[in-house]
Undergrad: 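Once you've had a glance at the structure underneath, I'll fire off some questions.
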Amino acid sequence: MGVLDRDSTTSPISSAATGFGFAAFAVGVERGWIKRTDALERLRTVAANLRASEQSNDAFAAGKNGFFYHFLCPDTGRRIWKSELSSIDTALLAAGLLWAGAYFDDAELSEHVEVLTDAIDWNWMRHGQRRISHGWHPHGKSSGRFMKYHWHGYNEALLLQPLALGSRTHPVPADCYDAWLEDYTIETHYGQTYIFCGPLFTHLFPICFLDLRGRHDAFTAEHGFDYHANAERATRMQSTYAGANPDGFASYAADCFGVTASDGPHLGEHNGRRYYTYHARSVPCGPDDGTICAPMTAAALPLCPDVVLPAMQNFHQRGLLNRTFNDTFPWVAPDLLGVDVGPTVLMIENHRSGLMWDLSREIPQVQTGLDRCGFSPAPTVGVHAAAH
């Protein structure tokens, strides 16, 4: 049915991790980890199951109006853990479908991808507002209720926006992107000036898929750097912050950084510090409890290898390259998370070959969406070679 949220026998399926998984199959074929025919068979089966469950009339099955619940039961594909129909998790799932469809160019898979992505009613998720809601719960009134939060200001939904504006069937108006830009803030921390968002994953998730090098929307054009450069600056800031280590966490250093949304060691106070379980950790403004997610650091490799490679080597020497850990507590996460490992696979491949970025230019609704968001045309010379 999909990719588990974590490598645990009790884990549900994660819609977002399934999106990363779809795209990762392209990397697997490129690197000889799996035969193309075997990859296609698996992807066709999962896509067909997603399609069947989304089209169910059961309000608690996988989908409604094209959107998927955040977490699904591995056995039935039904909603689990009282999770919401998630707009960002559906966007990540849609991205994985579209990128896999572009890579494999297979008629059966392409049909599933088209049906699933065309079904997403982005305007329904706006429910009359300028901005897209974070999600919808099938609780409360008989018709359910939308979450009170909407996507605005810079964050991981940078990926969602061009998918919503570029939809072949339910495109949102350009004013939705204008509303998204309204709450952007430029901040300078530890020598880096960038569009601020604290957790590292928020900068990396869109860049896993979108090639935004040399492309500017209205905001980045005004400030003179693109989103690729912005993610690089955020990564460099994290390295410098860890090197300065203002809160005195054990092992923090320029080659030991990576604060993001992740598992953590403990909920509550311990030796005068507060530690969190799963939480959207953020620097330099917090919350930061000394927890480092090494896979997310590795996912920044194509942005600034001079900073990320030393950290990867450090993690590798300690046997922590694929782990989340906290040396202050101390603690090492027992589980791997799909939304951590997936970006690592895609971004290391982007560093090696630019595969995901190349595929993004072959997906019409993605390029249409970027155009409708007001992005400048892609450069024709020089910029794409920089990744290789």
Side-chain angles (χ1 to χ4, degrees), residues 153-156 158-159 184-216 219-249 251-262 280-288 290-316 320-321 324-325 327 340 343-344 346-352 354 356-357 383 386-388:
Y154 175 73
N155 49 47
E156 70 273 21
L158 175 63
L159 173 66
Y184 271 32
T185 60
I186 292 281
E187 299 184 15
T188 299
H189 298 287
Y190 291 89
Q192 298 294 331
T193 299
Y194 60 108
I195 308 169
F196 180 75
C197 198
L200 188 56
F201 86 94
T202 59
H203 301 276
L204 299 184
F205 276 17
I207 303 298
C208 287
F209 295 97
L210 299 174
D211 184 4
L212 298 177
R213 292 169 295 171
R215 300 197 69 173
H216 296 274
F219 190 92
T220 60
E222 178 183 351
H223 291 277
F225 57 90
D226 59 38
Y227 288 103
H228 190 98
N230 193 72
E232 176 189 342
R233 295 180 184 190
T235 303
R236 291 186 182 279
M237 188 285 300
Q238 286 225 3
S239 174
T240 305
Y241 166 85
N245 197 11
D247 294 321
F249 292 115
S251 81
Y252 267 33
D255 65 351
C256 192
F257 71 93
V259 177
T260 189
S262 69
R281 292 165 174 80
S282 173
V283 293
C285 305
D288 178 17
T291 300
I292 290 172
C293 179
M296 198 57 61
T297 307
L301 179 63
L303 300 174
C304 42
D306 59 308
V307 167
V308 175
L309 272 175
M312 293 176 67
Q313 291 165 349
N314 180 14
F315 299 148
H316 176 68
L320 296 171
L321 185 56
T324 298
F325 63 94
D327 288 331
D340 293 339
T344 306
L346 302 191
M347 288 290 266
I348 289 177
E349 186 59 34
N350 277 334
H351 179 69
R352 299 178 72 177
M356 294 297 123
W357 298 334
V383 69
H388 305 310

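Note that the numbering runs from 1 along the sequence shown for the chain.
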Undergrad: What side-chain donor-acceptor pairs closer than 3.5 Å can you find for residues 251-259, not counting sequence neighbours?
TA:
| unit_1 | atom_1 | unit_2 | atom_2 | d |
| --- | --- | --- | --- | --- |
| Ser251 | OG | Asp327 | OD2 | 2.6 |
| Tyr252 | OH | Asp288 | OD1 | 2.7 |
| Tyr252 | OH | Asp288 | OD2 | 3.3 |

Undergrad: Identify, with sequence neighbours excluded, every residue that meets ring-ring contact (aromatic ring centres under 6.0 Å, His included) alongside Phe225.
TA: none
Undergrad: Only pairs at least two apart or in different chains count here, so list each salt bridge (Lys or Arg N to Asp or Glu O under 4.0 Å) that has a residue in residues 220-238.
TA: Glu232-Arg236, Arg236-Asp306
Undergrad: Sequence neighbours excluded, which residues qualify as side chain to side chain contact (heavy atoms under 4.5 Å, CB included) partners of Pro295?
TA: Cys293, Asp340, Thr344
Undergrad: Gln313: what forms a side chain to side chain contact (heavy atoms under 4.5 Å, CB included) with it, not counting sequence neighbours?
TA: none
Undergrad: State which residues pass ring-ring contact (aromatic ring centres under 6.0 Å, His included) with His316; sequence neighbours excluded, sorted by chain then number.
TA: none
Undergrad: Only counting residues at least two apart or in another chain, list the ones meeting ring-ring contact (aromatic ring centres under 6.0 Å, His included) with Phe325.
TA: Phe315
Undergrad: Residues in ring-ring contact (aromatic ring centres under 6.0 Å, His included) with His216, at least two apart?
TA: none
Undergrad: Please enumerate all residues that pass side-chain hydrogen bond (donor to acceptor under 3.5 Å, both in side chains) together with Tyr227, with sequence neighbours excluded.
TA: Tyr184, Asp217
Undergrad: Applying side-chain hydrogen bond (donor to acceptor under 3.5 Å, both in side chains), can you list everything that pairs with Tyr190, at least two apart in sequence or on another chain?
TA: none
Undergrad: Hey, could you give me each pair passing side chain to side chain donor-acceptor pair (under 3.5 Å) that has a residue in residues 196-210? Not counting sequence neighbours.
TA: Tyr154-His203
Undergrad: Roughly how far, to the nearest 0.5 Å, is the CH2 atom of Trp357 from the CG atom of Asn350?
TA: 4.5 Å
